[in-house]
Undergrad: 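The following block contains the structure, expressed as structure tokens.
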Amino acid sequence: MTERNDQDVVFSVLEEADMPADLDLAIRDILVECFPHNADHYARTRDWHSAPSWSVVGLEPDGTVAAHCAMVERTVEVAGNRRVTVAGVQGFSVRPGLRGTGFSDRLMKRALDEARSRGIDAGLLFCLPKLEAVYGRMGWRTVHYPVTTRDESGNPVPLPEKNIAMVIPLNIEEFPEGTVDLLGPDW
């Protein structure tokens, strides 16, 4: 295995409307590599259930995508009456050769710094239990209230039990307590 110097990776922020087709394909390739159980899906699209608003992409000097994090901007409702703007983390992926080096922290910091500069209140992500400690180390906190998404008809549906919701304040001091309604599909 060739050692990579993650300091050579350059992070770029791209608006979804400006995403070049070749970069879209390269990002789908890293998503297929990082999420092989969803390879059929990511071979067709980078989106999961919601289209991203913008992405942070880490490119190596040769143009290889080393890392990717898409962000879905959304207003959610907390405790039935409080509106909070969130940057929803989607498709957070780092090539296997860069894992365990702190590179994920650099990618997340860049994504959250961008969200903060856009005036977004908080970050919100969904992960499997095995990743809760990884995101917790980055400052994310588990949401201990029900989270609902919306089905195709707009009806509230509980977030699947396998998913853990986590938040991180950006431009607010604390994420409010209470049930979180995504007011749309998850991401």
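Note: hydrogens, waters and symmetry copies are ignored here, and every other heavy atom, side chains too, is used.
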Undergrad: Salt bridge between R44 and D40, side-chain N to carboxylate O under 4.0 Å?
TA: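 A salt bridge is absent here (no side-chain N lies under 4.0 Å from a carboxylate O).
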Undergrad: Using ring centroids (six-membered ring only for Trp), state whether F103 and F92 fall under 6.0 Å.
TA: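 Centroid distance F92-F103: not below 6.0 Å, so no.
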Undergrad: Side-chain contact test, heavy atoms from C-beta onward, threshold under 4.5 Å: evaluate it for V13 versus R110 and give yes or no.
TA: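 In short, these two side chains touch, coming nearer than 4.5 Å.
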Undergrad: Same cluster for F35 and I30 if Ile/Leu/Val/Met/Phe/Trp/Tyr side chains link at under 4.5 Å?
TA: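 Yes, it is one cluster - the side chains of F35 and I30 are joined through contacts under 4.5 Å.
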Undergrad: Check the pair S50, E73 against side-chain contact (heavy atoms from CB on, under 4.5 Å), reporting the backbone distance first and the verdict last.
TA: CA-CA 10 Å; S50 296; E73 289 184 33; over 6 Å; no
Undergrad: May I have all residue pairs that pass ring pair (Phe, Tyr, Trp, His ring centres under 6.0 Å) and include part of residues 153-184, sequence neighbours excluded?
TA: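 Counting only pairs at least two positions apart or across chains, no ring pair (Phe, Tyr, Trp, His ring centres under 6.0 Å) contact touches residues 153-184.
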Undergrad: Can you tell if the side chain of F11 reaches within under 4.5 Å of the side chain of L107, non-hydrogen atoms only?
TA: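 F11 reaches L107 side chain to side chain.
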Undergrad: Between T45 and Y42 (side chain of the first, backbone of the second, donor and acceptor by atom type, cut-off under 3.5 Å), is there such a pair?
TA: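 Such a contact is absent between T45 side chain and Y42 backbone.
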Undergrad: Establish whether V72 and L159 are linked, either directly or via other cluster members, by ILVMFWY side-chain heavy-atom contacts under 4.5 Å.
TA: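 Per the 4.5 Å side-chain linkage, V72 and L159 are co-clustered.
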Undergrad: Hydrophobic clusters here meaning ILVMFWY residues chained together by side-chain heavy-atom distances under 4.5 Å, can you tell me if L182 and M166 are in one?
TA: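 No, it is not one cluster - the side chains of L182 and M166 are not joined through contacts under 4.5 Å.
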Undergrad: Just do the salt bridge (Lys or Arg N to Asp or Glu O under 4.0 Å) check on E15 and R118 with the steps written out, would you?
TA: CA-CA 12 Å; E15 299 297 324; R118 291 172 182 241; 2.3 Å; yes
Undergrad: Find the distance between CG (D186) and CG (N163) and round it off to the nearest 0.5 Å.
TA: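 Between D186 CG and N163 CG, I get 7.0 Å after rounding to 0.5 Å.
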Undergrad: Who are the ring pair (Phe, Tyr, Trp, His ring centres under 6.0 Å) partners of W54, not counting sequence neighbours?
TA: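 For W54, no residue satisfies ring pair (Phe, Tyr, Trp, His ring centres under 6.0 Å) once neighbours in sequence are set aside.
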Undergrad: Nearest 0.5 angstrom please: E114 CD to C69 SG, how far?
TA: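 Answer rounded to 0.5 Å: 11.0 Å.
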Undergrad: Which donor-acceptor pairs under 3.5 Å do side chains of residues 130-137 form with protein atoms, sequence neighbours excluded?
TA:
from	atom 1	to	atom 2	distance (Å)
E132	OE2	T142	OG1	2.5
R137	NH1	D105	OD1	2.8
R137	NH1	D105	OD2	2.9

Undergrad: List the atom of D181, the atom of L183, and the distance in Å for their closest heavy-atom pair.
TA: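 That closest heavy-atom pairing would be OD1-N, 2.8 Å.
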Undergrad: Would you mind checking if R141 and E174 are paired as a salt bridge, meaning a charged N to carboxylate O distance below 4.0 Å?
TA: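 So E174 pairs with R141 through a salt bridge.
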Undergrad: When you compare the side chain of S53 with that of M71, does any pair of heavy atoms fall below 4.5 Å?
TA: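 Result no, sub-4.5 Å side-chain heavy-atom pair not found.
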Undergrad: Any idea how W48 and H41 line up, ring-wise: parallel (<30°), tilted (30 to 60°), or perpendicular (>60°)?
TA: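 Ring orientation of W48 relative to H41: perpendicular.
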Undergrad: Is there a donor-acceptor pair closer than 3.5 Å between any side-chain N or O of H68 and the backbone N or O of V94?
TA: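 Not at all, since once roles are kept as given, no pair shorter than 3.5 Å links the two residues.
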Undergrad: Would you find a donor on one side and an acceptor on the other, under 3.5 Å apart, between the side chain of R28 and the backbone of A43?
TA: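 Looks like yes, one N/O pair under 3.5 Å.
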Undergrad: If the test is side-chain contact (heavy atoms from CB on, under 4.5 Å), which one of D121, V180, V143, L125 qualifies with V167?
TA: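 Looking at D121, V180, V143, L125, the match for V167 under the side-chain contact (heavy atoms from CB on, under 4.5 Å) is V143.
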Undergrad: Going through the checks in order, is the side-chain contact (heavy atoms from CB on, under 4.5 Å) test met by L23 and L14?
TA: CA-CA 10 Å; L23 187 54; L14 288 102; 4.0 Å; yes
Undergrad: Can you see which heavy atom on V78 is nearest to which on P176, and at what distance?
TA: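 Where V78 meets P176 most closely, the heavy atoms are CG1-O, 3.6 Å.
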Undergrad: Quick check for you: to the nearest 0.5 Å, what is the distance between I168 atom CD1 and W140 atom CH2?
TA: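 It is 6.0 Å, given to the nearest 0.5 Å.
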Undergrad: Against T85, only a single residue in V76, I120, L124 fulfils side-chain contact (heavy atoms from CB on, under 4.5 Å); can you say which?
TA: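 With T85 as partner, side-chain contact (heavy atoms from CB on, under 4.5 Å) holds for just one option, I120.
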Undergrad: Which pair of non-hydrogen atoms, one from R46 and one from S55, has the smallest distance, and what is that distance?
TA: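 For R46 versus S55, the nearest heavy atoms are NH1-OG, 3.7 Å.
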Undergrad: Determine the minimum heavy-atom distance between R74 and W187, stating which atoms define it.
TA: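 That closest heavy-atom pairing would be NH1-CZ3, 3.5 Å.
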Undergrad: Assess whether side-chain contact (heavy atoms from CB on, under 4.5 Å) is satisfied between V84 and V86, documenting all intermediate values.
TA: CA-CA 6 Å; V84 178; V86 297; 4.1 Å; yes
Undergrad: May I ask you to test the E77-N81 pair for a side-chain heavy-atom distance under 4.5 Å?
TA: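 Side-chain contact under 4.5 Å: no.
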Undergrad: I164 and P129: which non-hydrogen atoms are nearest, and at how many Å?
TA: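 Where I164 meets P129 most closely, the heavy atoms are CD1-CA, 3.5 Å.
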Undergrad: What's the shortest heavy-atom distance between S104 and M138, and which atoms?
TA: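 Shortest heavy-atom contact: CB-CE, 3.7 Å.
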Undergrad: Just do the salt bridge (Lys or Arg N to Asp or Glu O under 4.0 Å) check on D113 and R116 with the steps written out, would you?
TA: CA-CA 5 Å; D113 285 349; R116 194 175 286 108; 3.0 Å; yes
Undergrad: Looking at OG1 of T64 and CG of L59, how far apart are the two atoms once the value is rounded to the nearest 0.5 Å?
TA: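 Those atoms lie 8.5 Å apart.
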Undergrad: State, with a plain yes or no, whether a side-chain heavy atom of V57 is found less than 4.5 Å away from one of V65.
TA: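 A side-chain contact under 4.5 Å exists here.
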Undergrad: Could you walk me through whether L170 and L112 satisfy the side-chain contact (heavy atoms from CB on, under 4.5 Å) test, starting with their C-alpha distance in whole Å, then the side-chain angles of each, then the deciding distance to 0.1 Å, before giving a yes or no?
TA: CA-CA 8 Å; L170 299 173; L112 295 178; 4.1 Å; yes
